[in-house]
There are 2 protein chains.
Amino acid sequence: MKLAIVGATGAVGQETLRLIEERYPQHDNLKLLASKRSAGRKMDVNGKTFAVEETTDDSFSDVDIAFISARTEDSRRFGPVAAQAGALVIDDSSAFRMDPAVPLVVPEVNGEDLDWHNGIVSIPNCSTTPLVMVVHPLRQASPIRRIVADTYQSVSGAGGAAMNELRDQTRTVMHGGPAEPDAQPQQIAFNVIPQIDSFTESGYTREEQKMIDESRKILHAPEIAVSATCVRVPVFVSHCIATHLEFEEAVSPGEARELLSEMPGVKVLDDPGSSVYPMPVDAAGSNDVFVGRIRKDASHSNGLAMWVVTDNLVKGAALNALQIAENAVFRGAVHGKSK
Amino acid sequence: MKLAIVGATGAVGQETLRLIEERYPQHDNLKLLASKRSAGRKMDVNGKTFAVEETTDDSFSDVDIAFISARTEDSRRFGPVAAQAGALVIDDSSAFRMDPAVPLVVPEVNGEDLDWHNGIVSIPNCSTTPLVMVVHPLRQASPIRRIVADTYQSVSGAGGAAMNELRDQTRTVMHGGPAEPDAQPQQIAFNVIPQIDSFTESGYTREEQKMIDESRKILHAPEIAVSATCVRVPVFVSHCIATHLEFEEAVSPGEARELLSEMPGVKVLDDPGSSVYPMPVDAAGSNDVFVGRIRKDASHSNGLAMWVVTDNLVKGAALNALQIAENAVFRGAVHGKSK
């Protein structure tokens, strides 16, 4: 089975390759694609050296599954081309997520939606995925009416350039120099920025709107009320979410811990007395969504508050995409050439 | 009028002295007090050099107003002693805040509570103050039923040692070294910590419980439901609060902006189309509480969401204390010796 990685040199692309090595250590039937600028670059995967190729309309004729994690315009252009060529496209951009003809999938939550894809499957925004991973199992206790989610998102969500900017700008600011933002809209060193993506008419950012719309689509629950504030923090990897949930009936923290412990891909780290709770530096590099600080929400009789952390490049992006591929193959939902 | 500053060498103490120079450039009737360790240190205020003295039970006999910003146990020990000696004590610790006999005051919100003090007035926690500064004027539009507040708090809230730790640890981590937390309970460089102060039985931290309890006391509104998640972020100065408010009746963002614009000490910075919103690096050093990102809360028909930022050392601490002193003098609520 031939896998194409579009955006192979980017932060998520590199994480995808690392996970391919981890999960399929024999697999070297790969095609590494990127922009013209990165074409020719050599990358080693599973002991084989690949030359990165420029993505073109002809890149997908021999491809079974195409992972796209590049600019949204690249997804718009090459997603349909790759699907047309018979590849299953697993796309990391917002281009198709809200398209009713495109499943938006977190396999542990709505893997069944893979059965009706038309060649393209979208993966959610990297803050939406951990949120629905935690919300979904809790619905067994009682239907959820409302979600308030305020995020603490690392710069890697904005790509490698933003990670370099945090590193370089931190050094500059520590030496008394000016911040000069470029990859981020404002200074990120020793600052927080309450803006991720651009603003919509409603005053919400597109990132916030994604969390609202995508959560409902994945959960098949348009009736759930969702609000979000998405904030960039000076952290390299992992996103955190201060989460407030309202249920139809009261759910105890103990019941929530039990349901979350049983959810594949979720790890409960919740022993505040011993200072055990999830944090970005600990979650980085891990496959799991971590949840802790589970407590009765003091402001609502049927509420729970909790703290959710995951590596935004792993379960927030590359791992979720690979899990979709695995599930799709298992379900016979890949109609490729070389199977 | 003789002012004593207990904790003069600390982060808030130094900010208090800076504000005294700014607001009363002639005033040098001061007594700088600190722990034994800092005694003897020289500090210049308004052109006069003061030797820092060790705080003792005898420090307050000639003092009219004593600002205490030290360890909570120092407040517990010296607060009553200073009040007994006839000074008005303005205390920055949590020692007396919830004591029904002690007013907890943000002058713009509940200055009238200064009229019934018994020698001690508490100032709120540095996250509570900006929250009530924003909530209070909005109650003119409609009573508030519920507040959900998730914070992004700078290390200066934990004092000078935590600021040094962020600086040194950032350098160490950038060079690949280990974090070795000391002033903070966990690594703070390029990380966020969902713990400020210790945990209570309910799963809330004491810092979160302070925001809940103190807000209601200041607002004279025990009926308001409040929830908070308090998080430390790698920022030197200023605290941010992602704030979600529920009103009895719908309040429009425009109405909220108007009411907030009229509130003394609050500045509306809300033009997202031009990327105008408050941030820690901009708020640092300013007297104001800044509010932006004011929008209808997408998850509640009577809700508003907003983003609040203030310098935690200024309005969050030193400025609020000085304003209490000014208001108390104006109200004749200082019963000192040298007036």
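Predicted, not measured: the structure shown is a model, and the values here were computed from it. Naming convention: chains lettered A, B, ... in sequence-line order (proteins, then strands); numbering from 1 in each chain.
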Go through the atoms of [X] and report whether side chain, backbone, both or neither lie under 4.5 Å from a heavy atom of chain A.
X	result
P278(B)	backbone
I224(B)	neither
R145(B)	neither
S274(B)	neither
A228(B)	backbone
V233(B)	side chain
S238(B)	neither
M279(B)	both

Cut-off 4.5 Å, heavy atoms of chain B, and the answer for T151(A) is backbone
Exercise. Under 4.5 Å heavy-atom distance to chain B, tell me which part of E208(A) shows up: side chain, backbone, both or neither.
Key: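 Side chain only.
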| said: Run the side chain to side chain contact (heavy atoms under 4.5 Å, CB included) test on H244(B) and T229(A) for me, step by step, so that the C-alpha distance in whole Å, both residues' side-chain angles and the decisive distance to 0.1 Å come before the verdict. | reply: CA-CA 10 Å; H244(B) 303 262; T229(A) 309; 3.7 Å; yes
field: From CA spacing to verdict: side chain to side chain contact (heavy atoms under 4.5 Å, CB included), H300(A), E246(B)
entry: CA-CA 12 Å; H300(A) 197 282; E246(B) 281 172 40; 5.9 Å; no
Looking only at M174(B), Q187(B), R171(B), R167(B), the option with the highest number of non-hydrogen pairs under 4.5 Å against chain A is M174(B)
**Prompt:** In Å, rounded to the nearest 0.5 Å, how long is the span from CG of D150(A) to CD1 of I241(B)?
**Reply:**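 Those atoms lie 11.5 Å apart.
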Checklist entry - Yes or no on side chain to side chain contact (heavy atoms under 4.5 Å, CB included) for V148(B) and S299(A), after CA distance, side-chain angles and deciding distance? => result CA-CA 7 Å; V148(B) 173; S299(A) 67; 4.0 Å; yes
Q.
Within the structure provided, determine whether Q186(B) and V281(A) are in side-chain contact (heavy-atom separation under 4.5 Å).
A.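 Heavy-atom side-chain distance check fails, nothing below 4.5 Å.
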Please tell me if the side chains of V173(A) and F236(B) come closer than 4.5 Å, counting only heavy atoms from C-beta onward.
->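 With C-beta onward as the side chain, the pair stays apart.
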Do side-chain atoms of Y152(B) reach the backbone of V231(A) as a donor and acceptor pair under 3.5 angstrom?
no
Side chain to side chain contact (heavy atoms under 4.5 Å, CB included) between F190(A) and V237(B), intermediate numbers included
CA-CA 9 Å; F190(A) 306 112; V237(B) 175; over 6 Å; no
Who wins among [options] for the most heavy-atom pairs under 4.5 Å with chain B?
options	result
I212(A), I294(A), V226(A)	V226(A)
A284(A), S154(A), A242(A), P253(A)	A242(A)
C240(A), A179(A), P272(A)	P272(A)

How about [range] versus chain A: which residues have heavy atoms under 4.5 Å apart?
range	value
residues 191-202 of chain B	N191(B), V192(B), I193(B), P194(B), Q195(B), F199(B), S202(B)
residues 158-166 of chain B	L166(B)
residues 303-312 of chain B	A305(B), W307(B)

*asked:* Around atom CD of E248(A), are there more than 12 heavy atoms from other residues, nucleotides or ligands closer than 6.0 Å?
replied: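 Yes, because the 6.0 Å sphere around CD of E248(A) holds more than 12 heavy atoms from other groups.
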Checklist entry - Does atom CD of E223(A) have more than 12 heavy-atom neighbours from other groups under 6.0 Å away? => result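 Enclosed: over 12 neighbouring heavy atoms sit under 6.0 Å from CD of E223(A).
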Selection residues 281-290 of chain A - residue pairs positive for side-chain hydrogen bond (donor to acceptor under 3.5 Å, both in side chains), sequence neighbours left out: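 Those involving residues 281-290 of chain A are K267(A)-D288(A).
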S227(B) and A298(A) have their tightest heavy-atom pair at OG-N, 4.2 Å
